[in-house]
Amino acid sequence: MKKFAVLGYGTVGSGVVQLFHKNRAQIEEKAGSKMELAYILDLREFPDSPYADKFVKSIDAILADKEITVVAECMGGIEPAFSYLKQCLQHEISVVTSNKELIAQKGAELLAEAKAHSCNCFFEASVGGAIPIIRPLHRCLAANNISAIYGILNGTTNYILNKMLTDGMRFEEALEKAQKHGYAEREPSADVDGHDACRKICILSSLAFGKHVYPESVYTEGIRNISLEDAAAADELDGAVKLIASVTKLENGKILPAVMPMFVPHENLISRVDGVFNCVEVCGDAIDRAYFTGRGAGKMPTASAVMGDVIEAAKHHKTVFSQFWVDAGTQDFIAGIDELESGLFIRFEAAQDVETLQAKLSEILNEIGHENAALDVIENACVIPDKLNSQERKEILEKLNSIGIKPAHWMPVMDA
Ligand code: HSE
C-alpha cells in the first residue's frame with residue numbers, strides 16, 4: 001500500500017482527487033501496488049465533500065504519518081508551499097508539484113534537498129499542463145545537444161489571441177472566458193504580461209542546460225500591445241501572432257531565454273496550435289526537432305500530469321532520478337535580448353502602395369548588407385525572414401520612419 005496526500009483543494013488539487021478516484025484501479029495497476037489518498041490539506045471547510053474525512057489543516061498531520069510516500073502540492077505560490085515541500089523531503093517523502101512559480105524560483109534548492117534525502121521532486125504539471133515534456137526532455141532526449149526550445153507555454157494568452165482573431169472578441173471578454181474555464185491565474189497579469197510563460201521557460205531552460213535560470217534574468221513581454229490589426233496582418237502574411245517562450249544556445253556559449261509575441265510562419269506547426277493548447281518544439285543535434293502538444297491548462301489535463309508523477313514517485317520510492325540542475329551562483333551564462341537574431345514583422349500605421357513599399361524595403365535591406373533578402377509585403381505590413389541582429393532591426397525601423405513609412409508595431413519572426 002502506498003499512501004499519498006494532496007496539498008490544496010483548488011482547481012488542480014480537486015482534479016487530482018477526482019481523477020484518482022475515477023481511475024483508481026488502473027492507477028494502482030500502473031503503480032504496482034494499492035494506493036490510498038490519505039489526506040487533503042486545505043484551510044477551508046468542505047463538509048459536503050465525499051472526501052470530508054480526509055481534510056486536515058496542518059502539514060504536521062501528514063509529516064507525522066510514516067506511511068506517506070508522496071505529497072502532491074497544488075496550492076500555488078511560493079509560501080507556504082516551499083516550506084511544506086522542504087519539510088516533506090526532510091521526512092523522506094517524495095514531492096510532486098504543479099507549481100511553476102515555486103520550481104522557477106526554488107527548483108535548485110528543492111532538487112538538492114530531494115537528492116540529499118534520497119527522494120524525488122517531480123514537476124511534470126508545472127510546464128505545458130497535460131503535455132509530457134519534463135520527463136521526455138530529461139530522459140528520452142538526454143542524448144541530444146539541445147540547441148533551442150520554443151513554445152506556446154501559456155494557455156490563457158493563446159486562447160485570448162485565438163478568440164480575438166477568430167471571433168473578433170475583445171481582449172477583456174476573452175480573458176473572462178479563459179478565467180471561467182479555469183485556465184487563468186488568480187492574478188491575470190501573470191498570464192497577460194508573460195510571467196507565467198517566463199516561469200515555464202525558466203524550468204525548461206534549467207532542465208535542458210543544467211543551471212538554474214531565474215525569472216528576473218529573462219526578457220519578458222506579454223500580449224497587451226497586440227492588436228486585432230496585428231493578428232489580421234499576420235494571418236494575411238501566412239502566419240500567426242503567438243506568445244512564444246524560447247531559449248536558444250548562442251555561439252558564444254551563452255543561452256538566451258525570452259518571452260515575447262512573435263510572428264510564427266504557417267510552415268511551423270506552432271502557428272497552428274490554437275485555443276488553450278500549448279506546444280513545445282525541442283531542437284537537438286540528433287533529433288533535428290520534436291514537437292509536443294496538448295492542453296496546457298485546465299483542471300483535468302493538469303491533474304493528469306500531477307497524477308502521473310504521483311504514480312512514478314510511488315512506484316520508484318527511494319530510487320532517485322537524476323532530473324537535476326544547480327544554482328550556478330551567477331546568471332552570467334544568460335544573454336540579453338540585444339543578442340537576439342531574428343527576422344522582422346512590421347505593421348505600418350497607414351496602408352502603403354505595395355510596389356513602392358517592396359522597392360523601399362529592398363533598398364534599405366541592400367544598404368544594410370542584406371542584398372536579395374526574401375520579403376513578403378502586403379498593404380499594411382511586411383515580413384523579412386532573414387536573420388537580423390538588433391542593430392539591423394533598429395536601422396530598418398528608423399529608415400522606414402525617416403521616409404514617412406511609419407511602423408506601428410514590430411515583432412521578431414520565428415524560424416519556419
Ligand atoms: N494560467 C496558466 C495557463 C495555467 O494559462 O497556461 C497553466 O499553467
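Order of appearance sets the numbers: ligands from 1, and atoms from 1 within every ligand. Only heavy atoms go into these numbers, but all of them, side chains included; no hydrogens, no water, no symmetry mates. When a residue number appears, it is its place in the shown sequence, counting from 1. Since we're looking at a predicted model, the values are computed, not measured.
Between His181 and Tyr159, the ring centre distance stays below 6.0 Å. Aromatic pair Phe4/Phe20: ring centres closer than 6.0 Å. You'll find the ring centres of Phe123 and Trp325 inside the 6.0 Å limit.
In this model, no donor atom of one side chain and acceptor atom of the other lie less than 3.5 Å apart for Ser271 and Asn268. At a cut-off of 3.5 Å, with distance as the only test, a side-chain donor of Glu113 or His117 sits close to an acceptor on the other residue.
Contact residues for ligand 1 (protein heavy atom closer than 4.0 angstrom to any ligand atom): Lys100, Asn154, Gly155, Thr156, Tyr183, Ala184, Glu185, Asp191, Asp196, Lys200, Gly296, Ala297.
Counting only distance, with no hydrogens or angles, the side chain of Lys315 and the backbone of Lys30 share a donor-acceptor pair below 3.5 Å.
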